[in-house]
Each structure stands twice: as structure tokens, then as C-alpha cells.
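These notes concern the structure reproduced below.
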Amino acid sequence: MKAKLYCPSMWKSVHVDVDGYLTPCCMFINSQDKKTRIEDIPEGETIEKVLLDEFQPWRDMLTKGEWPKGCNQCAFAEKEGRASKRIQDLAWHTYVDPIDGELPTLTPLDNVKLEYLQLKTGRLCNLECTICTPSCSTSIAATQLKKGNIDREYYDRLQAEIAWATNLDELVKMNSEYFRIDIAGGEPLMNKEHFEWLKQLPEDSKAKTQLLYNTNGTQRPTDEEVEVWSKFKGVWITFSIDAAYDKFEKLRVNAKWDQVYDNMKYVTNDIVRKKLKHQTDNGYTNTAIVMTVHKGNINDIFDLYDATKEIGWIQTDYINHNYLYYPESMAIHSMSSSLMEKTIQNIDANIHRLPEGKMKRETINIRNSIEGFLQGKKFEQEGETPPKDHRALIDLEEIVD
């Protein structure tokens with residue numbers, strides 16, 4: 001590779017955000033760089049033109065070893081010795097299939113070609129999570145409008161921004177031959193139109209494509225939707241779970257722990273192990289948890305593992321950590337010194353409860369980052385600071401215990 005900092009998202013991917021803007025990836029945050037929406041793409045053309053044209057200056061920077069401003073989250077993670085999205089995607093994209101000996105990518109890594117889609121299916125969501133915003137959840141927006149925290153004009157603008165997400169004429173602009181499609185929301189399983197888009201993709205293309213879902217766990221896929229999934233190479237289903245029991249319900253407002261637990265168990269054992277057995281046997285279909293780690297749940301890592309380890313996961317190393325950066329008032333690096341000290345002590349006392357593997361390594365890496373913050377190390381913000389929203393009113397330290 002000629003690039004000193006190669007990133008699969010810059011060479012192979014387009015991220016379709018909840019508002020329809022097209023960016024390199026889901027971690028790329030710099031509103032000044034949001035230029036084109038999916039609705040701006042002329043009929044008959046595809047979003048690949050954005051990858052080819054708009055992302056070229058950032059590819060040039062990465063080739064020289066320079067981080068674009070929008071990539072500051074990955075830059076920070078790598079400075080901390082943690083696995084950034086770039087590093088995680090590199091591991092995925094350079095994985096050699098043990099059966100056919102081939103890379104998952106359809107063309108060489110340094111070819112600029114749309115083969116990896118990161119799709120947010122709009123804002124439609126039934127939860128009001130403490131880590132989310134009105135711009136990412138219709139439920140939060142409706143509640144904030146009712147309380148008078150946002151006005152009707154802003155609410156209507158948010159609603160108008162997601163018209164594309166249920167319009168198949170807009171969705172077909174994403175048509176390409178993919179080796180991987182990441183699907184999130186809002187809550188993606190509430191957006192039924194994206195299944196219609198998946199259906200119309202060519203059958204030979206589906207057989208090469210790995211689907212990855214990020215769901216809040218409140219929705220059970222229907223038999224018809226599972227049938228759509230069965231045509232693809234595989235489907236990884238990850239559940240956004242930030243704690244267990246009552247604490248989970250405080251963080252994921254409107255969700256019920258028992259229901260979500262039963263859904264995780266059903267999807268893992270009834271859908272993945274049985275209905276999608278032909279994919280599971282080849283290792284392309286699985287379930288896991290993604291835990292967005294912040295100062296309100298950093299001490300819940302071990303209890304979450306204990307609460308979910310009997311579900312019947314296919315792998316033992318099933319919890320992935322997603323480090324929350326914004327708003328900074330909720331980030332680990334903004335914790336009080338007393339909470340940092342308490343967290344280090346808690347991790348040291350309980351790390352033995354986790355099995356050997358990535359989950360344990362990432363927990364240790366976060367612990368070491370906290371120790372650095374306690375000693376005065378700072379998170380270096382590049383570019384603009386994201387605007388404050390309702391989350392700035394939440395003090396997560398109040399619900400730590």
C-alpha cells in the first residue's frame with residue numbers, strides 16, 4: 001500500500017447518514033465536510049461519484065500520513081493504543097477466507113470502488129437513549145417537541161430530512177456490488193423499506209455480501225425479513241446494550257430489559273442457529289453486543305457480561321466496546337477524578353471475570369486510558385466542536401451506582 005494511513009472507508013465506502021448526507025464513515029464528524037445528500041444525486045446515478053470525487057482530498061492526506069479533521073476519533077483511539085474503527089475495519093478487510101483463500105473485498109484494497117456501504121436507515125426509533133439526540137431518534141424529537149425543548153420548525157425540518165429513507169427511488173441510488181453492508185438507524189428493523197431495497201439487489205451480488213446490523217434489541221425480525229437475509233453471504237446482528245437490568249432501562253429509555261434479553265436469545269438461537277444455519281455453519285452469521293462506553297456505564301462492563309453470558313452466543317468474546325466521544329460532558333475522559341479513581345479500582349478488582357480475548361484486552365486498554373486522563377492527559381479536539389444538545393443536560397454520574 002502506498003498510503004501511510006490506509007482506511008477502507010476512504011477507498012471503498014460511503015456512509016449514508018440519518019439526514020441523507022454522504023460521508024466516508026459513521027465516525028467521520030465534521031459538519032463543514034458534509035456536502036452532498038443522497039437526494040442531490042441525479043436519477044440514474046449512484047452515490048459512488050461522491051466516493052470518487054469528494055473523498056479524494058482526504059485520501060491524499062491519508063496517503064501522506066495526515067489525519068483529516070473528521071477522522072479525529074480514530075486518530076485519538078490509535079494514540080491511546082485502542083482499536084479504532086480504521087484498525088477494526090482493516091482486520092476485517094484483510095481477513096483471508098480459510099475456505100477459498102480470498103480477501104472479502106471484490107477488488108484490490110487500493111482500488112477506489114464502492115464495495116462497502118455504511119447505511120443509517122433514518123431517524124425512526126422507539127427509544128430515547130441518554131446517549132442519543134433528536135436528530136437521531138424520532139421518539140426523542142417527539143418528546144422534546146412536547147416538552148417545548150425544540151420548536152415545531154426544527155421538528156418539521158428533522159422529519160423532512162428523513163423522507164429519503166422510506167423512498168425506494170432514493171435507496172436504489174445506493175445500488176452497487178458490495179462485499180459488506182453495515183445497517184443501523186435510528187432503529188433499522190423499524191424501517192421496512194430498506195428490506196425492499198435489499199430484495200432488489202442482484203442475486204449473484206447478494207451471495208458475496210455480508211450484512212451487519214446494529215439494533216436496539218426491541219424488535220424481532222419477521223420470517224419474511226429473515227428470508228431476505230438468507231439470500232446473502234451472512235448477517236451479523238449486534239445489539240446496542242449499555243448495561244443490564246434496571247440500569248439498562250435508565251440508559252435506554254422505553255426499553256425493557258426482560259424483553260430485550262428474550263429477543264437476543266431468540267435471535268441467537270432460533271434465527272441464527274436454526275433459520276440461518278447454512279450461513280452460521282460457514283462462520284458468516286453471528287450475534288454480539290456493542291456496548292457504547294461512557295462515564296455513566298464504564299463500571300457496568302462486568303455485570304453486563306455476567307447478565308448475558310448464558311444467552312448461548314456462538315463465540316465467547318461477544319461484547320464489543322464503542323468509545324463515546326460526544327458530547328464530551330458524557331465521555332470517559334471528562335469524568336471527575338474521584339470517578340476515574342473508582343473506575344480504575346473497579347476494573348482492577350473485576351478484570352478476572354472476563355474471558356481471555358478482545359473484550360478483556362479492550363477493557364484493559366480503556367482502564368489504561370483512564371489512568372492517563374487522571375494524570376492530566378487530554379483528548380485533543382480537532383476541527384469544530386459539535387453543538388450542544390439535550391444530552392448536555394444529563395449528568396450520567398448521577399446514575400453510576
Salt-bridge criterion met for K35 and D53 (N-O under 4.0 Å): no
Q259 versus N263, side-chain donor and acceptor atoms under 3.5 Å: no
Check against salt bridge (charged side-chain N to carboxylate O under 4.0 Å, His left out), D281 and K277: CA-CA 6 Å; D281 289 346; K277 188 177 186 300; 2.8 Å; yes
Approximate separation, where rounding is to 0.5 Å, of L158 CG and R123 CZ: 4.5 Å
Basic-acidic side-chain contact under 4.0 Å: D110, K2: no
Charged N-O contact under 4.0 Å between K192 and E225: yes
CA sep, side-chain torsions, deciding dist, call: I183, Y213, side-chain contact (heavy atoms from CB on, under 4.5 Å): CA-CA 5 Å; I183 303 176; Y213 275 81; 3.5 Å; yes
Stepwise side-chain contact (heavy atoms from CB on, under 4.5 Å) test for H15 and K120: CA-CA 8 Å; H15 165 238; K120 300 279 181 59; 3.3 Å; yes
Reference residue F248; test ring-ring contact (aromatic ring centres under 6.0 Å, His included); the match among W257, Y261, F239: W257
Check: K12/T107 side-chain N/O donor and acceptor closer than 3.5 Å: yes
Any side-chain donor near an acceptor of the partner, N191 and T166, under 3.5 Å: no
Lys/Arg N to Asp/Glu carboxylate O, E80 vs K377, below 4.0 Å: yes
Check against side-chain hydrogen bond (donor to acceptor under 3.5 Å, both in side chains), W313 and N286: CA-CA 8 Å; W313 309 98; N286 212 331; over 6 Å; no
Residues which pass salt bridge (Lys or Arg N to Asp or Glu O under 4.0 Å) with E249, listed by chain and number, not counting sequence neighbours: none
Note: E371-R367 ion pair, threshold 4.0 Å (strictly below): yes
Residues K34 and D19 bridged, charged N to O under 4.0 Å: yes
Any donor-acceptor N/O pair, Y178 side chain to L117 backbone, under 3.5 Å: no
Side-chain donor/acceptor of N167 to backbone N/O of A163, under 3.5 Å: no
Verdict with supporting geometry, S84 and E78, side-chain hydrogen bond (donor to acceptor under 3.5 Å, both in side chains): CA-CA 6 Å; S84 66; E78 292 182 29; 2.7 Å; yes
Test side chain to side chain contact (heavy atoms under 4.5 Å, CB included) applied to I237 and T268, T215, T285, the passing residue: T215
Salt bridge flag under 4.0 Å for residues K250 and D246: no
Short side-chain donor-acceptor distance under 3.5 Å, S139 and E128: yes
Under 3.5 Å side-chain donor-acceptor pair for N299 and N350: no
Matching residue for Q144 among D151, N149, T133 - test: side chain to side chain donor-acceptor pair (under 3.5 Å): N149
Euclidean distance, T209 OG1 relative to K233 NZ, rounded to 0.5 Å: 8.5 Å
L119 side, atom CG; M174 side, atom CE - distance, nearest 0.5 Å: 4.5 Å
Pi-cation contact, Y305 with R353 (under 6.0 Å, within 45°): no
Side chain Q279, main chain F232, donor-acceptor under 3.5 Å: yes
K358 and E362 ion-paired at < 4.0 Å: no
